[in-house]
Number of protein chains: 2
Amino acid sequence: MLKLSKKADYALVALSHLQATELPASAKEIADRYNLSAQMLANVLKTLTQSGLLASKRGAMGGYALGKRPEHIFLGEVIDAIDGRQSLSDCTSLDKRCSAETNCPAKSPILMIHKKIKQFIDSLTLADIANREILKGVSIDIPFSS
Amino acid sequence: MLKLSKKADYALVALSHLQATELPASAKEIADRYNLSAQMLANVLKTLTQSGLLASKRGAMGGYALGKRPEHIFLGEVIDAIDGRQSLSDCTSLDKRCSAETNCPAKSPILMIHKKIKQFIDSLTLADIANREILKGVSIDIPFSS
DNA sequence: TTCATATCGTACCAAATTGGTACTGATTGT
DNA sequence: ACAATCAGTACCAATTTGGTACGATATGAA
Ligand code: FES
Ligand code: FES
């Protein structure tokens, strides 16, 4: 649980790279650079483009560039685009529902915890991620304790 | 991604129940009460017992009770016990490693984000989870923004 | 003692997800 | 024309997850 898919990993590598170099790059270039499966990365980048996170140019000398400014690319968006929006638990998504349903004592807490985590990853931008120094300073305050 | 397994769900339901009633209960009782697969829940409770989160008593009139005080049962423990300790990404676990390795621009940020989330779930206890009112008041402050 | 109730240990299988590949078509610069 | 490169889609293998089965062991009660 709490695991990023490899595709999401690839997406972050590519986005970080594009953010750092500020130059367009082809899927192959990036794959070679970081020793990733070219075909798989190509699929990932294609998906990111469909979601508007990347801008693409076809043909010779084509490639990918960031589709928005790094400050406007949120980690949550990236994960949603690649893995599809998912809930922390099936019972916190509206369509599916677990058998316990109404009288379940865990449902509401799980939902709240899910919201907190989502809030967190939605608050992180590519710019934040790329800037390690800033990230180091982040602290999550949990103002209650048992 | 970021998904709790159904078994972890079951574990939380059972733990919440035991915390709320303050009475021992058999696997079957709990399964019936919340309409869960009895066999599966039994397996889950067994695992929780092995991890010391529950205390069991065998035979007729046997059953399960909390193995520690609710304030000492951490969400992180529960998840680790059921799903096995996992990392947000394979590259943040020491044994496995992704092909990008050393020159990967995403590795360090992913590791940090992983730590934050882990910190969060490790800070939540069964007592917190059971007490919705307290949980509602929780706010995660992220003191930087883009 | 016998029996019903429970946990314990373990093994197993089916369904879903994820990791990874292949191939064809459409664009575009040289 | 041609090579480079993205777009679309289909496919399969590996892994993980969901879910079941069953024999062994312990315990309380009739
Ligand atoms: S509603 Fe799904 S675990 Fe409670
Ligand atoms: S080291 Fe694994 S994604 Fe970078």
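Letters A, B, ... mirror the listed sequences (proteins, then strands); counts begin at 1. These figures come from a predicted structure and were not determined experimentally.
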Minimum heavy-atom distance between A:Val13 and B:Cys104, given as atom pair plus value = CG2-SG, 3.8 Å

What nucleic acid atoms does A:Ala42 come within less than 4.0 Å of, heavy atoms only: base, sugar-phosphate, or nothing?
-> nothing

Counting just side-chain N and O atoms, does B:Ser26 come under 4.0 Å of either OP1 or OP2 of C:dT5?
-> no

Report yes if at least one side-chain N or O of A:Ser56 is closer than 4.0 Å to OP1 or OP2 of D:dA7; otherwise report no.
-> yes

Of all the nucleotides listed (D:dC22, C:dG20, D:dA7), which has the minimum atom distance to the side chain of A:Tyr64?
-> D:dA7

Roughly, in whole Å, what's the span from CD1 in A:Ile30 to P in D:dC6?
-> 9 Å

When you measure from the side chain of B:Ala60, which nucleotide among D:dC6, C:dT21, C:dT5 comes out closest?
-> C:dT5

Non-hydrogen side-chain atoms of A:Lys68 and A:Glu77 separated by less than 4.5 Å = yes

Side-chain N or O of B:Lys28 less than 4.0 angstrom from OP1 or OP2 on C:dT5?
-> no

Kindly say whether, by distance alone, the side chain of B:Asn43 makes a donor-acceptor pair under 3.5 Å with the base of D:dT20?
-> yes

If you pin B:Thr49 and A:Met61 to their nearest nucleotides in DNA chain C, which one's is more 5'?
-> B:Thr49

Can a side chain N or O of B:Gln50 be found less than 4.0 Å away from OP1 or OP2 on C:dG9?
-> yes

Sugar-phosphate only, base, or nothing, as touched by A:Gly59 at under 4.0 Å among non-hydrogen atoms | base

Does OP1 or OP2 of C:dT18 have a side-chain N or O of A:Tyr10 closer than 4.0 Å?
-> no

Below 4.0 Å: OP1/OP2 of D:dT16 and any side-chain N or O of B:Ser5 | no

C:dT10 phosphate, OP1 or OP2: any side-chain N/O from B:Lys46 under 4.0 angstrom?
-> no

Given atom CG of B:Asp83 and atom C1' of D:dT15, what is their separation to the nearest angstrom?
-> 15 Å

Closest nucleotide among D:dG28, C:dG20, D:dT20 to the A:Lys7 side chain | C:dG20

Select one nucleotide: of D:dC6, C:dG19, C:dT7, the one nearest the side-chain heavy atoms of A:Ala27.
-> D:dC6

